[in-house]
Novice: 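My structure is below; once you've seen it, I'll send some questions.
Every value quoted in this text rests on a predicted model; they were computed, and no experiment measured them.
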Amino acid sequence: KKSEETGFTHGEFSARMAEANGYNAIRAQLGDKPDNSLTDFSKPLNSIADQIDAGKLKLGKGDVINVSMGGFDPTFEQLNGLLNSNKDNTITPQNINNPETQRDVLDRIGKLSEDPSQSDVKREWGRILLNTNQAIQRLQDKGIEVLHSASNDGKDTVSLEFLKANRELASV
């Protein structure tokens, strides 16, 4: 059911489950955007890290930031096409969690984000992906679990914004 019917989102459900199991949960949630515009999750994630650094937010090892976003997750076929994968560097559901594959994907996205032959939208998308993954790593370096509640479009999709998240909670 949709959140309008239940009163809460998949992300809210995930956050409540984390809390029910003894975790402090901060919610960074976004539903489907009707205009399909890009969302830069690095900003709220870095804001949380800044608040921790300033001593204003007491989160640490074992606490959870639950990120739930609605939006476009490409299929592996689309991702491989976008990044011009070949037989030696094809990205699959089987290898996407491998740190070496993730580094390669983020490196290729970085090159795409700086390529003047790409459209402004693709370059901005690439920058957002990189910034969000860096913000996630910043939080994880503090011992905070970053849970990603998404990838609901199917097992053949990948949520690149949260490639570095500790866990993905998907309803598929």
Novice: About how many Å separate OG1 of T132 and CG of N46, when rounded to the nearest 0.5 Å?
Specialist: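 With rounding to 0.5 Å, CG (N46) is 8.5 Å from OG1 (T132).
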
Novice: Could you work out, with salt bridge (Lys or Arg N to Asp or Glu O under 4.0 Å) as the rule, every residue matching R138, not counting sequence neighbours?
Specialist: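 For R138 the salt bridge (Lys or Arg N to Asp or Glu O under 4.0 Å) partners, ignoring immediate neighbours, are D50, D53.
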
Novice: So do I91 and R108 actually touch side chain to side chain, heavy atoms under 4.5 Å?
Specialist: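 Sidechains of I91 and R108: in contact.
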
Novice: Is it true that atom CD of E77 has more than 12 heavy atoms of other residues, nucleotides or ligands lying nearer than 6.0 Å?
Specialist: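 Open.
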
Novice: Using the test side-chain contact (heavy atoms from CB on, under 4.5 Å), find all partners of I52 that sit at least two apart in sequence or belong to another chain.
Specialist: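 Only I48, L57, L59, L139, K142, I144 meet the side-chain contact (heavy atoms from CB on, under 4.5 Å) criterion with I52.
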
Novice: How about W125 and L160: do any of their side-chain heavy atoms sit closer than 4.5 Å?
Specialist: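 Yes, side chains in contact.
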
Novice: Once rounded to the nearest 0.5 Å, what's the spacing between atom CG of D104 and atom OG of S85?
Specialist: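 Those atoms lie 7.5 Å apart.
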
Novice: Residues two or more places apart in sequence or in another chain: which of them pass salt bridge (Lys or Arg N to Asp or Glu O under 4.0 Å) with R123?
Specialist: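 Testing R123 for salt bridge (Lys or Arg N to Asp or Glu O under 4.0 Å), a comparison that skips the adjacent residues, returns D120.
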
Novice: Would a 4.5 Å heavy-atom cut-off, applied to side chains only, mark I128 and S42 as touching?
Specialist: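 No, their side chains stay 4.5 Å or more apart.
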
Novice: Tell me the closest heavy-atom pair linking K58 and G55, and the distance in Å.
Specialist: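 Taking K58 first and G55 second, the nearest heavy atoms are NZ-O, 3.2 Å.
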
Novice: Can you sort out the partners of N86 under side-chain contact (heavy atoms from CB on, under 4.5 Å), two or more places apart, ordered by chain and number?
Specialist: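 Counting only residues at least two positions away or on another chain, N86 forms a side-chain contact (heavy atoms from CB on, under 4.5 Å) with D88, N89.
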
Novice: Go through the structure and list residues passing side-chain contact (heavy atoms from CB on, under 4.5 Å) with L106, not counting sequence neighbours.
Specialist: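 side-chain contact (heavy atoms from CB on, under 4.5 Å) list for L106, sorted by chain: L130, N133, L163, K164.
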
Novice: Looking only at heavy atoms, which two atoms of Q102 and N97 are closest? And how far apart?
Specialist: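 Heavy atoms of Q102 and N97 come nearest at NE2-CA, 3.6 Å.
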
Novice: Please determine if R127 and E124 form a salt bridge, counting it only when a charged side-chain N lies under 4.0 Å from a carboxylate O.
Specialist: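 Looking at R127 and E124, the cut-off is met.
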
Novice: Between P99 and R103, is there a side-chain heavy-atom distance shorter than 4.5 Å?
Specialist: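 Yes - at least one pair of side-chain heavy atoms lies under 4.5 Å apart.
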
Novice: So how far is it from I96 CD1 to T101 OG1, rounded to the nearest 0.5 Å?
Specialist: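 Output value for this atom pair is 7.0 Å.
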
Novice: Could you tell me which residues satisfy side-chain contact (heavy atoms from CB on, under 4.5 Å) with S117, sequence neighbours excluded, listed by chain and number?
Specialist: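 side-chain contact (heavy atoms from CB on, under 4.5 Å) check on S117 returns D115.
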
Novice: Which heavy atom of F76 sits nearest a heavy atom of T157, and at what distance?
Specialist: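 Minimum heavy-atom separation between F76 and T157: CE1-O, 3.5 Å.
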
Novice: Indicate yes or no for a side-chain donor-acceptor contact from N98 to the backbone of N95 under 3.5 Å, with no hydrogens or angles considered.
Specialist: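 Side chain of N98 to backbone of N95, a donor-acceptor pair under 3.5 Å: no, none is there.
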
